[in-house]
Every structure is written in structure tokens, then in C-alpha cells.
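Before any comments, here is the structure.
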Amino acid sequence: MDVLKFGFRYWKKYLGGAITTQFMSFAAMGADLLLPLLMSMFVDYVIRSNEPADDNIFSFLLSGKYGEVHTMTLFWHLAVVFIGLLLVRLFLIYTKNVWNQKLGLGLETDLRMDTFQKLMDLDSATISEYNTGELLTTINSDTIMYKEMFCRIIPNILDNSFGLITAIVLLALINPFLLIIPVLLIPVFVYALRSFKRRARMNYRDIRACNSDMNLTVQENIEAVRLVRSFTNEEREKEKFDTSNDSLRESYIKQVNLSANFEAVFSTIRQIAYIGGIAVSAVLVMKGQMRLGYLVACTEYVMRIMNYITTMNNMMFQMQQQVVSGYKMMHFMEDHSRIPDGDEAVDKNKKPHIEFSHATMKLQNKKVLDDITLDIPYGKKVGIVGGTGSGKSTLLESLIRIHDMSDGEVKINGKNIRRYDLKSLRDQFAYVFQDVFLFSNTIESNIAYAKDEMVGGNIEERKEVPQEVITAAKHAQADDFIKKLPDGYETIVGERGLGISGGQKQRVSIARALLKNAPVLILDDSTSALDVETEKKLLADIKKNYNDKTLIISAHRMTSVVDCDEILYLLDGAIAERGTFDELMALDGHFANVYRTQQAQRESVVDFGNSDEEMEAAR
């Protein structure tokens with residue numbers, strides 16, 4: 001099976017330990033299977049005082065050296081061997097279980113790390129094909145479930161196979177007629193197992209799908225809690241949750257019913273085997289073909305054979321859940337990124353010179369960028385404006401290869417950016433996305449995220465906030481509001497930054513980008529939540545203190561780009577107008593019309609005191 005080959009790539013790292021624990025398990029099972037022979041000797045040579053009729057592995061105890069038959073001396077020697085085998089079995093099982101769990105946890109950790117790394121490596125378009133619930137299930141639940149296949153299910157199947165073969169051999173050595181009942185019932189076991197396996201796999205697929213749907217429902221409501229409350233749609237969301245919850249419950253109930261039927265069928269077969277084994281053994285004893293003590297051993301072996309077969313069937317039944325999880329993980333891990341990594345590193349000693357040459361991009365068969373040609377030598381300030389859906393963000397995202405161009409080229413220092421490895425390419429840019437994201441941590445941690453050496457340190461042990469963090473926050477116009485917060489830079493902002501306002505989140509995000517101090521700073525509509533005056537101060541500070549760097553600003557507000565060396569006005573993914581602010585105003589086209597409209601609206605709008613700065617002053 002492909003799913004087993006996929007898992008073996010990870011399990012082979014632990015194969016040495018797995019083989020060792022498996023042999024320990026075989027030894028424990030062997031010790032356990034010798035106990036019925038000792039029990040038969042208690043009956044034949046301690047209770048009934050029969051003379052030995054044939055040999056077995058413990059016949060040396062009947063030599064007289066360890067006591068005569070029907071004596072307490074022989075009883076105690078048999079008891080010591082019996083207890084010794086029990087202790088050996090317990091020790092081996094305990095050691096095997098501990099080691100096996102450690103191996104399983106190692107495998108689980110490796111699987112989770114690799115699936116998470118795959119998530120980091122895949123491009124945005126590929127990731128968007130999975131919903132969040134599906135990804136959470138794959139990275140968390142599936143790794144645990146799939147680990148169970150290798151550290152519990154397969155070892156159990158091997159254990160019971162070994163036990164089954166050994167018990168059959170021991171039973172055949174006593175009397176081959178004792179195999180009649182197991183041989184007759186094995187086909188019934190196999191037929192029943194095949195029937196249950198198919199239904200179990202379908203059920204487990206339903207359970208996994210319902211779990212993914214539940215994860216997605218909960219995750220969406222956590223993120224959209226403010227939106228839900230603002231529209232007073234709590235009842236609607238509760239109904240969605242109840243629907244998902246009911247579906248999950250019903251899928252588990254189906255599996256519980258199937259498991260109950262499975263257990264009932266196989267328990268019945270097992271009991272039939274037990275009664276049949278006693279009947280056959282009793283007939284053989286009455287005919288004098290077998291000693292009475294062996295009646296105890298044989299019925300025990302017949303019962304164990306049925307137990308081994310039942311357990312193997314049960315493991316195969318449960319294995320369907322692991323197989324479903326394994327297939328999901330395998331397909332996820334075999335998914336290829338549409339943004340292949342390059343093999344050259346960007347020369348850090350060269351200042352990046354960016355060029356777009358007849359660059360065109362299609363996403364989902366729709367042209368989103370059309371024949372973009374643009375030259376951005378190092379240090380140039382470029383503004384990109386246009387209506388919603390004009391391609392501004394897509395153009396900027398192409399620089400860090402979130403999307404690749406379909407035609408044409410994007411070059412840095414004369415080389416197509418596809419030739420560069422993604423890490424060194426993205427290190428050239430400090431990018432502030434329009435969809436601001438802050439981690440559930442302190443403001444200091446969120447700003448320091450730009451520097452690996454700062455993130456790697458123990459922030460809680462620092463007595464002072466690093467000066468670099470404070471400087472970046474000042475240039476982003478964030479230091480003043482941060483100092484007014486109850487815990488200053490140590491304030492926990494909450495998941496996705498829900499503890500502070502939109503404008504404050506944008507400034508923290510800009511501070512993070514400034515701290516990175518990359519050669520190219522990209523602001524993708526990242527000042528939209530700021531009032532005009534704060535935005536002016538922020539951009540002026542950036543141009544003053546980071547004047548040597550390339551600055552690319554995307555904005556809906558035309559005032560954000562008036563001081564840029566070149567301004568592009570995008571329309572339907574193409575450059576409709578370009579030039580300096582004065583040139584575009586003289587052109588009296590799209591840019592000039594939108595600029596005048598925005599200025600007129602700004603002058604006519606009544607200020608209700610809703611800017612971030614006024615909100616901060618009111619705190």
C-alpha cells in the first residue's frame with residue numbers, strides 16, 4: 001500500500017528501536033504461551049499424581065530432582081517457574097510499552113514538523129485549496145492517528161500473528177485434531193472482517209470530514225466574533241455550530257454501532273470456538289488419546305487462537321481510521337508548490353535594482369496584471385494607486401513570489417527573480433501587508449519578530465525593551481500610544497491583534513518592517529486606518545530616516561503617494577497613467593480626477609472624532 005510506503009519513510013529512522021521492542025514483545029508472548037503447559041502439569045503431576053506420558057519443555061522438572069509427583073516440593077518448583085515466567089513477561093511488556101511510546105512520540109513529532117514545514121513551503125494558491133479546518137486536522141489529528149498505525153496497530157498485528165502461529169504449533173504437538181475448530185472458523189473470521197473493513201473505512205472518512213468541518217466552524221467564529229456580534233447573528237452561528245456538532249455526533253454513532261456489531265459477531269465466534277475446543281478435548285481425553293491436564297492447556301490455546309484472530313481483526317478494523325488519515329497526509333505532503341525555489345542567492349553586497357519587463361499574470365484564467373514595464377533603481381520612491389481590484393497588491397506580491405508572472409519577467413540586478421532562492425529573495429524586502437496580522441503576544445515580541453536574534457532570545461528575562469524596537473516604533477508613530485498602554489511594550493495584544501485598534505495594528509506592523517531594515521520597504525495600503533495627519537508624519541519620518549532605501553507604496557488615498565518619484569495608476573491590471581504628481585495632475589486623467597474628488601470629500605466631511613489619534617486621546 002502506498003500509504004504504508006509513505007509512512008515507512010519516517011518510521012525507518014526508528015526501525016532499530018522498533019525491531020528491538022518487537023522481539024521483546026515476541027519473547028513476552030512466548031513466555032505467556034508456555035503458562036498453559038505448566039498449568040497442565042499442575043493438574044497431571046501435582047493433583048492427579050499421573051506418571052509422565054510424554055515430554056514437553058518442562059519435563060526436566062519431573063526428574064525427581066525438583067520433587068516427586070504429588071508433593072508440595074514439586075508444586076513449589078512449578079509455582080516458581082510459573083511466577084518467573086509471569087515476571088519476565090511483565091518486565092518485557094513494561095519495557096516494550098515505554099520504548100514503543102517514545103518511538104511513537106518521536107514519529108508523531110517528525111510528522112507534525114514535516115507537515116508544518118510543508119504548510120510553510122506551499123504557495124498561497126495551493127494552500128487556499130484547503131480550508132483551515134482541513135489543515136488543522138492534517139497537521140494535528142492526522143499525525144497522532146497515523147503514528148498509531150506504526151507504534152500500536154502494526155506491532156499488535158505482528159504480536160498476534162506470532163502468538164497465533166506459536167499457539168497452533170503447540171496445539172498441533174499436543175494433538176492435531178485440536179486444530180479442527182480453529183480451521184473451520186478462520187474463513188468465517190476473514191469473511192466478516194472484509195465486510196466490516198469496507199464499512200469502517202467509509203465511516204472514518206465521514207468522521208474525519210465532520211471533524212474538519214467542526215474545526216473550520218469554530219476557527220471562523222473565533223476570528224469573526226466581533227463581526228458576528230455587530231450583526232447580532234449569534235443565533236445563526238449557533239445553528240451552524242449545532243449542525244456541525246450533530247453531524248459529528250451522528251458520524252460517531254454510526255461508528256459506535258458498527259463497532260458494537262463487530263464485537264458482537266466476533267465474540268460469538270470466539271465463544272463457539274471455546275465451547276468447541278472443550279468438546280473436542282473432552283472426547284480425546286475420554287478416548288485416552290490425551291491426558292486430563294492437556295484439556296486445560298488445549299482449551300486455553302484454542303481460546304487464545306480465537307483471541308489472537310479477533311485482536312488481529314480488531315486491529316485491521318481500527319487500522320481503517322489510520323489509513324484514512326495516512327492518505328490525507330500523503331496527498332498533502334505530495335502536493336507541490338507552484339512557486340519552485342531557485343538555486344542562486346541574491347548578492348547582499350549589491351543594492352537591489354528592480355525591473356518589470358512586460359510582466360503579465362493570470363490567476364484562475366483571469367488576467368490580473370497586463371504588460372507591466374517598470375524600472376525601480378535602488379533608492380527610488382514609487383507610488384501605486386488605483387481602484388479596488390486594479391492589481392496593486394498582486395503586483396507587489398509578485399516581488400516576493402507569492403504569485404509568479406505568467407509572461408514577461410521580474411528581475412533584480414538583471415536576473416529573473418525565479419533564479420533566486422526564496423529566502424534570500426524575500427530577505428531583500430520588508431513587506432507590510434494590507435491585511436495586518438499580529439501574533440497573540442506582546443507588542444515588543446510582534447515588532448521584534450523581524451529579527452531572528454531577537455525572537456530567539458527570552459524576552460521575559462529582559463529588563464529593558466531593546467532600543468532598536470523603540471526606535472522602529474517611534475519612526476512608525478507607534479511609540480506614543482504604546483507607552484500609554486497599561487503594560488507598555490509588554491502589553492499582550494491578543495489573537496490577531498484584537499486588543500488594539502486597526503490604526504494601532506498597522507503602525508505596529510510598520511514598526512516590525514522598519515526593524516527588519518531590508519533594502520526595499522513595501523507598504524501595501526498599510527496606512528488606510530490612519531488619519532491623514534498621522535499618515536503624513538509617518539511617511540515623512542520614513543522618508544527622512546530611511547531615505548536611502550527603495551520605497552514602494554500602494555494606496556487608495558492619493559495623498560499617500562504625492563511625494564513619490566514616480567506614481568503608477570493601475571486600471572484593470574494595466575498601467576493607465578504614470579509620472580510624478582505634477583505630471584499626473586497636468587495630465588488631468590484618472591489620477592487627477594480621483595485626487596480632486598478625495599480632496600473635496602475630505603473638506604466636506606464632518607469630523608465626528610473617529611480618528612485613531614482622537615480615540616487614543618479619549619482612552
Check: Ser251 main-chain N/O paired with Asp206 side-chain donor or acceptor under 3.5 Å: no
4.5 Å side-chain heavy-atom contact, Ile510 and Ser526: yes
salt_bridge(Asp142, Arg208) N-O dist < 4.0 Å: yes
Pair Asp480 + Lys484, salt bridge at N-O below 4.0 Å: no
Lys/Arg-Asp/Glu bridge criterion (N-O < 4.0 Å) met for Glu533, Lys537: no
Phe6-Tyr327 aromatic ring centre distance below 6.0 Å: no
Ion pair Glu235/Lys238, N-O distance below 4.0 Å: no
Side chain to side chain contact (heavy atoms under 4.5 Å, CB included) assessment of Tyr10 paired with Leu111: CA-CA 8 Å; Tyr10 296 90; Leu111 288 169; 3.8 Å; yes
Residues Asp563 and Lys543 bridged, charged N to O under 4.0 Å: yes
Donor + acceptor pair across side chains of Ser554, Asp525 (<3.5 Å): no
Distance-only side-chain donor-acceptor flag, Asn215 / Thr137, under 3.5 Å: yes
Backbone N/O of Val346 and side chain of Ser424: donor-acceptor pair under 3.5 Å: yes
Cationic N near anionic O, under 4.0 Å, Glu409 to Arg418: no
Within 6.0 Å of CE in Met202, more than 12 heavy atoms from elsewhere: no
Side-chain atoms of residues 366-376: list all donor-acceptor pairs with protein atoms under 3.5 Å, sequence neighbours left out, distances to 0.1 Å.
unit_1	atom_1	unit_2	atom_2	d
Asp371	OD1	His358	ND1	2.8
Thr373	OG1	His358	N	3.1
Asp375	OD1	His353	NE2	2.6

Worked verdict on Lys516 versus Arg512 for side chain to side chain contact (heavy atoms under 4.5 Å, CB included): CA-CA 7 Å; Lys516 185 177 181 181; Arg512 179 166 59 199; over 6 Å; no
